[in-house]
Protein chains: 2
Amino acid sequence: MGDEMDTARGRARDAQRRAEQFRRVRDAHQTEVAEDYVELVADLIEETGEARVVDLSERLGVTKATVNNTIQRLQRDGLVTSQPYRSIFLTEKGRTLAETSRERHHTVRDFLLALGVDADTAEADSEGIEHHVSEPTLEAFRKFLRKSG
Amino acid sequence: MGDEMDTARGRARDAQRRAEQFRRVRDAHQTEVAEDYVELVADLIEETGEARVVDLSERLGVTKATVNNTIQRLQRDGLVTSQPYRSIFLTEKGRTLAETSRERHHTVRDFLLALGVDADTAEADSEGIEHHVSEPTLEAFRKFLRKSG
DNA sequence: GTACAAATTTAGCTTCTACTAACTTTTAGT
DNA sequence: ACTAAAAGTTAGTAGAAGCTAAATTTGTAC
């Protein structure tokens, strides 16, 4: 068994490891929408007392029809409840997801701010980044915040 | 025009601003796949001399059929060229995208490493994060790297 | 309490990304 | 040169997320 084979094997292992990373990113995408929705539903309930399709539609920048579609799916997945023509509520599962999601979002945003990024950019970028930050990285962010705070 | 209206207006403006952020994240998603592919094609050409469907398939963790599909789309969008049963090449546009994409990827990865995140996590997270980091944030990352380096 | 406006829902369509299974072409071994 | 394996392609399917347009329900102003 020569070097060539070892190299080939090494490459194969490498490829599999990287494939796993891409898979994780793809999986993250599937939960991103769910996280954005439940986070927003939680915010709206706190701010205005209820979460309506039209509010989600405005804040997300998609049509009401799209919101409706997605809410159906989230209901199917046990994250929200809603009766026809009534506003939207979070299930326990939904509340938990909203909570961890929000915590992550804030950590990322505060971290970017602490790093010297301007407020608008920090808010905008954290929206995209929050879904792709693992717990170890979040912990590194928190550590930085403690030191710089 | 009382406080109530001002608040309502303020909320509407706020909603629009946030909607813009979500829109940006959604747009980023559309280019993510393209960026991952061209970056990988560039890597493979450098490492092995050519980029084949089967290699992309292995590294991305998707089937060859999926790679084929996507390559068609990238070709349609002018990022790659490929003749049937032949390996894949980047266009000038594709090379440019691969280059900026790779630079961003490395900046994010090196930044996470400098922050104390372990190598595996840095590699995995940077894969997800790289597509959502704006230029100002990247610049803040670079600045941190210069200071800590 | 009726009519109108606002909100919600439904129907039908598109694009993207993924899959499996079957097929064709190319490459490599003998 | 032939055959088998590897690589690439095609066809058909599915689900997610978006859209527009039309229908329906709810809420409100008079």
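In what follows, every chain begins at residue 1, and chains take the letters A, B, ... in the order their sequences are listed.
Summarising the geometry, the separation between CD1 on A:I71 and C1' on D:dG18 is reported as 15 Å, rounded to the nearest angstrom. Nucleotide D:dA7 holds its P atom 8 Å from the CG atom of B:D55, rounded to whole Å. A:K64 has its NZ atom 13 Å from the P atom of D:dA21, to the nearest Å.
Grouping Ile, Leu, Val, Met, Phe, Trp and Tyr by side-chain contacts under 4.5 Å, direct or through others, puts A:L74 with A:V33, A:Y37, A:V38, A:L40, A:V41, A:L44, A:I45, A:V53, A:L56, A:L60, A:V62, A:V67, A:I71, A:L79, A:V80, A:I88, A:L90, A:L97, B:F22. Through direct or relayed side-chain contacts under 4.5 Å between Ile, Leu, Val, Met, Phe, Trp and Tyr, A:V54 connects to no other residue.
Shown here are the salt bridge (charged side-chain N to carboxylate O under 4.0 Å, His left out) partners of B:R18, two or more places apart in sequence or in another chain: B:D14. With sequence neighbours left out, A:E139 forms a salt bridge (charged side-chain N to carboxylate O under 4.0 Å, His left out) with A:R142, A:R146. Applying the side chain to side chain donor-acceptor pair (under 3.5 Å) test to B:T100 and every residue at least two apart in sequence or in another chain returns nothing. Considering only residues two or more places apart in sequence or on other chains, A:D118 meets the side chain to side chain donor-acceptor pair (under 3.5 Å) condition with A:T121. By the side chain to side chain donor-acceptor pair (under 3.5 Å) test, B:Q83 is found to be paired with no residue, residues two or more places apart in sequence or in another chain being considered.
Within the helix from C:dG1-D:dC30 to C:dT30-D:dA1, the inter-axis angle between the opening and closing five-pair segments is 10°, rounded to 10°.
A:E32 and B:H29 share a side-chain donor-acceptor pair at under 3.5 Å.
Among residues at least two apart or in separate chains, there is no ring pair (Phe, Tyr, Trp, His ring centres under 6.0 Å) pair with a member in residues 74-96 of chain A. Sorted by first and then second residue, the ring pair (Phe, Tyr, Trp, His ring centres under 6.0 Å) pairs with a member in residues 39-76 of chain B form an empty list; sequence neighbours excluded.
Boundaries of the chain A contact region on DNA chain C are C:dA7 to C:dA18, first to last in 5' to 3' order (nucleotide atom under 4.0 Å from a heavy atom).
For the segment residues 74-86 of chain A, the set of residues with a heavy atom within less than 4.0 Å of an atom of DNA chain C comprises A:Q83, A:P84, A:Y85, in numerical order.
Mapping A:R26 and A:Q72 onto DNA chain C by nearest heavy atom places A:Q72 closer to the 5' end of the strand. Both A:V33 and A:A65 lie close to DNA chain D; mapped to their nearest nucleotides by heavy-atom distance, the more 5′-ward contact belongs to A:V33.
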